[in-house]
Amino acid sequence: MVRLVLIDDHNLFREGLKAIFQIRPDLSVVGEAESAAGGLEAVERVACDLVLADFSLPDHEAPWLVTRLRQLRPQLPVLVLSQNTDYERVRQVLSLGASGYLVKTAHSQELLQAISLVAGGGVYLHPAVARALTAQPSDGLSERERAILQMLVAGRSNPAIADTLHVSLGTVKADLQSLFQKLGVKDRTHLAAVALARGLVRPPDD
């Protein structure tokens, strides 16, 4: 069961999302809010597994919210929803720790796919914005480190990465620690998001 908190100032939009989720027994809306501050309060009140938040809220925009959610619950995935496909917006929220970016014109199946990937530890980018975040070479990273980053974006576990690369689990963990230091992050989810935001790996749906 994935427990969701919805943050959007349009009641009809939230009701539409809840109608979509009602047909999925593995999804449950446990909290909702109309503002960024209200969303923080909702996350403090309830146990949840994922936050869906509009980029533009009455009091603050998504960068403010994502920053404070990571301070409050560092491991909590945040999927940002927006009508805007501006690439700088996407890079900004991913760099701050969001786990995905979905445009509001997406179909319900795309929304459910995004929730599944993000809840499983991956990073989701809607195809409308993914083209801007194509892989670019980075002198500071080895080929194996880039391969590990690519699999992190897809939500692969450390053992799965080790099996794919035919290396030991200890090697994967050591490479992750090196990546944490090089990219200035403290956990796997933020590492994957920052790698996408900086164009170090391909978007998962590219």
Side-chain angles (χ1 to χ4, degrees), residues 1-22 24 27-130 133 153 155 187 189-190 192-194 196-197 203-204:
M1 174 67 69
V2 178
R3 299 163 296 181
L4 305 167
V5 169
L6 308 181
I7 308 174
D8 193 289
D9 58 324
H10 295 96
N11 292 330
L12 284 177
F13 186 74
R14 294 201 312 275
E15 292 299 324
L17 289 179
K18 287 189 288 186
I20 294 172
F21 300 150
Q22 283 177 353
R24 290 287 299 266
L27 300 177
S28 175
V29 176
V30 296
E32 53 186 299
E34 298 181 355
S35 67
L40 285 177
E41 293 175 1
V43 169
E44 287 183 311
R45 288 195 308 267
V46 301
C48 59
D49 305 301
L50 190 149
V51 170
L52 272 70
D54 189 10
F55 189 100
S56 299
L57 294 162
D59 53 350
H60 299 283
E61 290 194 328
W64 183 94
L65 176 62
V66 170
T67 298
R68 279 150 186 82
L69 283 172
R70 285 196 59 79
Q71 293 170 350
L72 178 65
R73 295 271 306 277
Q75 304 302 322
L76 180 64
V78 182
L79 177 60
V80 175
L81 307 174
S82 178
Q83 296 178 344
N84 195 309
T85 59
D86 180 75
Y87 298 145
E88 289 308 314
R89 283 189 171 203
V90 181
R91 287 193 175 93
Q92 184 181 21
V93 294
L94 289 177
S95 293
L96 292 171
S99 298
Y101 193 101
L102 182 70
V103 297
K104 287 190 171 182
T105 55
H107 297 294
S108 59
Q109 194 58 41
E110 292 173 306
L111 171 63
L112 296 173
Q113 177 188 359
I115 290 173
S116 177
L117 183 59
V118 170
V123 178
Y124 180 87
L125 287 181
H126 189 269
V129 296
L133 301 177
V153 167
D187 59 64
T189 302
H190 197 191
V194 168
L196 267 176

Do [X] and [Y] come close enough that some side-chain heavy atom pair is under 4.5 Å?
X	Y	answer
Leu27	Ile20	no
Leu117	Gln113	no
Leu40	Trp64	yes
His60	Leu65	no
Leu196	Tyr101	no
Val90	His126	no

What distance do [X] atom [atom1] and [Y] atom [atom2] have between them, rounded to the nearest 0.5 Å?
X	Y	atom1	atom2	value
Leu4	Ser28	CG	OG	7.5 Å
Gln92	Glu61	CD	CD	8.0 Å
Leu57	His10	CG	NE2	10.0 Å
Leu81	Leu52	CG	CG	5.0 Å
Leu96	Arg70	CG	CZ	9.0 Å
Leu102	Tyr124	CG	OH	5.5 Å

Under 3.5 Å donor-acceptor, [X] side chain and [Y] backbone:
X	Y	result
Asp8	Phe13	no
Thr67	Pro63	yes
Asp9	Glu34	no
Ser82	Asn84	yes
His190	Ser95	yes
Arg89	Phe55	no

For the student: nearest non-hydrogen atoms of [X] and [Y], plus distance:
X	Y	value
Ser99	Thr189	OG-CG2, 3.2 Å
Val66	Val93	CG1-O, 4.2 Å
Asp49	Met1	OD2-O, 3.4 Å
Ala42	Val5	CB-CG1, 4.1 Å
Ala193	Ala98	CB-O, 3.3 Å
Val46	Arg73	O-NH1, 4.4 Å

(request) Would you indicate whether Gln83, at its atom CD, is surrounded by more than 12 heavy atoms from other residues, nucleotides or ligands within a distance under 6.0 Å? (result)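 Atom CD in Gln83 is not packed in, count stays at 12 or less.
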(message) Under the side-chain contact (heavy atoms from CB on, under 4.5 Å) test against Glu32, which residue among Ile7, Leu6, Asn11, Leu17 passes?
(response)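 Only match with Glu32 under side-chain contact (heavy atoms from CB on, under 4.5 Å): Leu6.
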